[in-house]
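First the structure, in the form of structure tokens, and then the observations on it.
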There are 2 protein chains.
Amino acid sequence: MAKPATRIQQKNQTAIMDAGLEVFSKYGFRGATLDQVAEAAGLSKPNLLYYFPSKDAIYTALLARLLENWLEPLHAMDDAGDPVEELLAYAQRKLVMSRDYPRESRLFANEIIQGAPHIKDVLAGELRDLVTDKSAVIARWIKAGKLRPVDPVHLIFSIWSLTQHYADFDVQVRAILGTADPFDDAAAHIDTTFRRMLTPGP
Amino acid sequence: MAKPATRIQQKNQTAIMDAGLEVFSKYGFRGATLDQVAEAAGLSKPNLLYYFPSKDAIYTALLARLLENWLEPLHAMDDAGDPVEELLAYAQRKLVMSRDYPRESRLFANEIIQGAPHIKDVLAGELRDLVTDKSAVIARWIKAGKLRPVDPVHLIFSIWSLTQHYADFDVQVRAILGTADPFDDAAAHIDTTFRRMLTPGP
DNA sequence: TCCGATTTTGACCATCTGGTCAAACAGAGG
DNA sequence: CCTCTGTTTGACCAGATGGTCAAAATCGGA
């Protein structure tokens, strides 16, 4: 029953997704217009709507694709690995994602800031479960004396906010630092931060 | 030449500013509509435009007022105080602002994420100068051995991101933690974080 | 009370926005 | 060459949006 999807379909669908990412991440759902998306995709508006039934459909498809990639690094945190290195690696992966996929980060940030109307259920469901799960892992690490005591959930919030900041507030960061690439220094800073936070102290 | 501003003018102007804050912080500049602002202010749209000449004027006025309050705590960081306590106090002040003025924080975040079209010059001017100035203070503290070495500018970014996260991503934070107020735990976590980061280690 | 200044509003407008539709246009297989 | 399926488009629509304007309502002081 499922149709194979022609070559031209795939080309246009990815063009639309990419254009939608560009526009929605810049203006938010309500601030973006279909004309903008169509132009960025190099298509006419009716043609765009031949591939996606509505503005909402494009946005929803984008969010769905995003959420997978977004949660993957946290999933990948390994119970059996070295606690400090696992957490540091997670933070660095998130930072690399901020550098390489800033539009995705801003799309997500826009959605959350505006009250997460499209994904509130995912936050309270899948995401909540995942964080609860990984928090338990971190708590076990702490109990085993492998990490300096810290609130596990707020530790995860810290990793999110510190890394995503460099994508979401990119303009501000660059305005303050000049135009130089901030990500190398950011990587060093984040490494230092979490090492001091998590490594047993004096 | 300047007119005194009647009582009714002040009442309506503040009503409009508050309504604008509510609406613009929720949808961003482009996503918000004058009708929404007018309704939130309890005025008709023409009446609203009697007090402010345009949508842009309301938004600009909001941003101007915001920026003052926003930079004040950083200004207040005292060269002569105890380094660790000054920085911790700054972080706590920012966190309290996230708790008490989340709409302001989200308004600012929306503006920055969308490329800061209205305040790019402030970022590259006033804000940049302020951060440069305070970074020098922090660098001096480090050189004097009062703080563990850390990149001063990225330290300031850390304070911003960790505190504003609780306002900007409020929905996500509450979805994960349940409905309980997250700010007490956040305060403790942030205190711990920066104390470990800045206090001389082993 | 009256008068000028301030405030409020209903009606209106041009433009934009998400979305529709029938018709025109490929492209591949026969 | 024709035809069938998939693709593209110009013209169009109803509702929303930022903004205008003249007239009406209200206010505050003399």
Side-chain angles (χ1 to χ4, degrees), chain A residues 1-64 107 110-111 114-115 117-118, chain B residues 1-63 107 110-111 114 117-118:
Chain A
M1 297 302 130
K3 315 128 203 172
T6 75
R7 203 159 301 147
I8 193 160
Q9 271 171 4
Q10 276 193 322
K11 190 194 74 169
N12 282 339
Q13 265 159 11
T14 62
I16 292 169
M17 293 285 271
D18 199 63
L21 179 60
E22 184 72 26
V23 175
F24 284 125
S25 70
K26 191 137 56 188
Y27 301 110
F29 179 70
R30 295 196 39 170
T33 76
L34 279 183
D35 295 84
Q36 288 175 302
V37 177
E39 198 197 320
L43 298 173
S44 66
K45 188 167 59 171
N47 200 9
L48 186 154
L49 288 164
Y50 171 73
Y51 290 100
F52 285 83
S54 68
K55 185 185 181 185
D56 214 279
I58 303 172
Y59 187 71
T60 301
L62 274 170
L63 277 183
L107 182 76
N110 261 314
E111 169 71 11
Q114 306 193 356
H118 294 77
Chain B
M1 296 298 133
K3 315 128 203 171
T6 73
R7 203 160 303 148
I8 193 159
Q9 271 170 4
Q10 276 194 322
K11 191 195 73 169
N12 282 340
Q13 266 159 11
T14 61
I16 291 168
M17 293 285 270
D18 198 63
L21 179 59
E22 183 72 25
V23 175
F24 284 124
S25 70
K26 191 137 55 187
Y27 300 110
F29 179 70
R30 296 194 39 169
T33 76
L34 279 182
D35 294 85
Q36 288 175 302
V37 177
E39 198 197 321
L43 298 173
S44 66
K45 188 167 58 172
N47 199 9
L48 185 153
L49 287 164
Y50 170 74
Y51 290 101
F52 285 84
S54 68
K55 184 185 180 184
D56 215 279
I58 303 172
Y59 187 71
T60 302
L62 274 170
L63 278 183
L107 182 77
N110 262 314
E111 169 71 11
Q114 306 193 355
H118 294 77

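The chains referred to below are lettered A, B, ... by the order of the sequence lines, with proteins before strands, and numbering in each begins at 1.
- Counting non-hydrogen atoms of other residues, nucleotides and ligands closer than 6.0 Å to NZ of B/K26 gives a total of 12 or fewer.
- Between the CG atom of B/L43 and the C1' atom of C/dT9 there is a distance of 12 Å, rounded to whole Å.
- A/M17 CE to A/Y51 OH: the interatomic distance, rounded to the nearest 0.5 Å, is 15.0 Å.
- When the C1' atom of D/dG6 is taken as reference, atom CZ of A/R7 falls 15 Å away, rounded to whole Å.
- Taking only side-chain nitrogens and oxygens, B/Y51 comes nearer than 4.0 Å to OP1 or OP2 of C/dT8.
- As judged by a 4.0 angstrom heavy-atom cut-off over every strand, B/I8 is placed among residues touching the sugar-phosphate backbone only.
- Per the geometry, CZ belonging to B/R30 stands 19 Å off P belonging to D/dA16, to the nearest Å.
- Between A/T33 and B/P46, the one whose closest nucleotide on DNA chain C sits nearer the 5' end is B/P46.
- When heavy atoms are screened at a 4.0 angstrom cut-off, A/F52 is found touching no nucleic acid atom at all.
- Listed pair B/N47 / C/dT9 meets the phosphate criterion, a side-chain N or O lying under 4.0 Å from OP1 or OP2.
- At a threshold of 4.0 angstrom between heavy atoms, the contacts of B/A57 with the nucleic acid are absent.
- Under the rule for a side-chain contact (heavy atoms from CB on, under 4.5 Å), B/T14 has no partner lying at least two apart in sequence or in another chain.
- Taking side-chain N and O atoms only, A/Y50 has a distance below 4.0 Å to OP1 or OP2 of D/dT7.
- Dashed line: the shortest gap from a side-chain N or O of A/Q9 to OP1 or OP2 of D/dG6 is not under 4.0 Å.
- From A/F24, atom CZ reaches atom CD of A/Q36 across 9.5 Å, with rounding to the nearest 0.5 Å.
- Rounded to whole angstrom, the span from the CG atom of B/L48 across to the P atom of D/dC21 amounts to 17 Å.
- Within the 4.0 Å cut-off from OP1 or OP2 of D/dT9, at least one side-chain nitrogen or oxygen of A/S44 is found.
- Atom CG in B/L48 sits 6.5 Å away from atom CG in B/L34 (nearest 0.5 Å).
- One N or O donor and one acceptor, one from the side chain of B/K45 and one from the base of D/dG18, sit under 3.5 Å apart.
- In this structure, B/E39 atom CD and C/dT9 atom C1' are separated by 17 Å, rounded to whole Å.
- Out of C/dG19, D/dG19, D/dT17, the shortest distance to the side chain of A/L34 is found at C/dG19.
- Looking at heavy-atom distances under 4.0 Å, A/L49 makes contact with a base.
- When all heavy atoms are compared, the tightest approach of A/Y27 to A/A32 is CB-N, 3.8 Å.
- With the nearest nucleotide of DNA chain D identified for both B/A32 and A/G42, A/G42 has the one nearer the 5' end.
- Between the CG atom of A/N12 and the P atom of D/dG6 there is a distance of 15 Å, rounded to whole Å.
- At a threshold of 4.0 angstrom between heavy atoms, the contacts of B/A38 with the nucleic acid are absent.
- To the nearest angstrom, P of C/dT15 lies 18 Å from NZ of B/K55.
- A/D35 has its CG atom 14 Å from the C1' atom of D/dG10, to the nearest Å.
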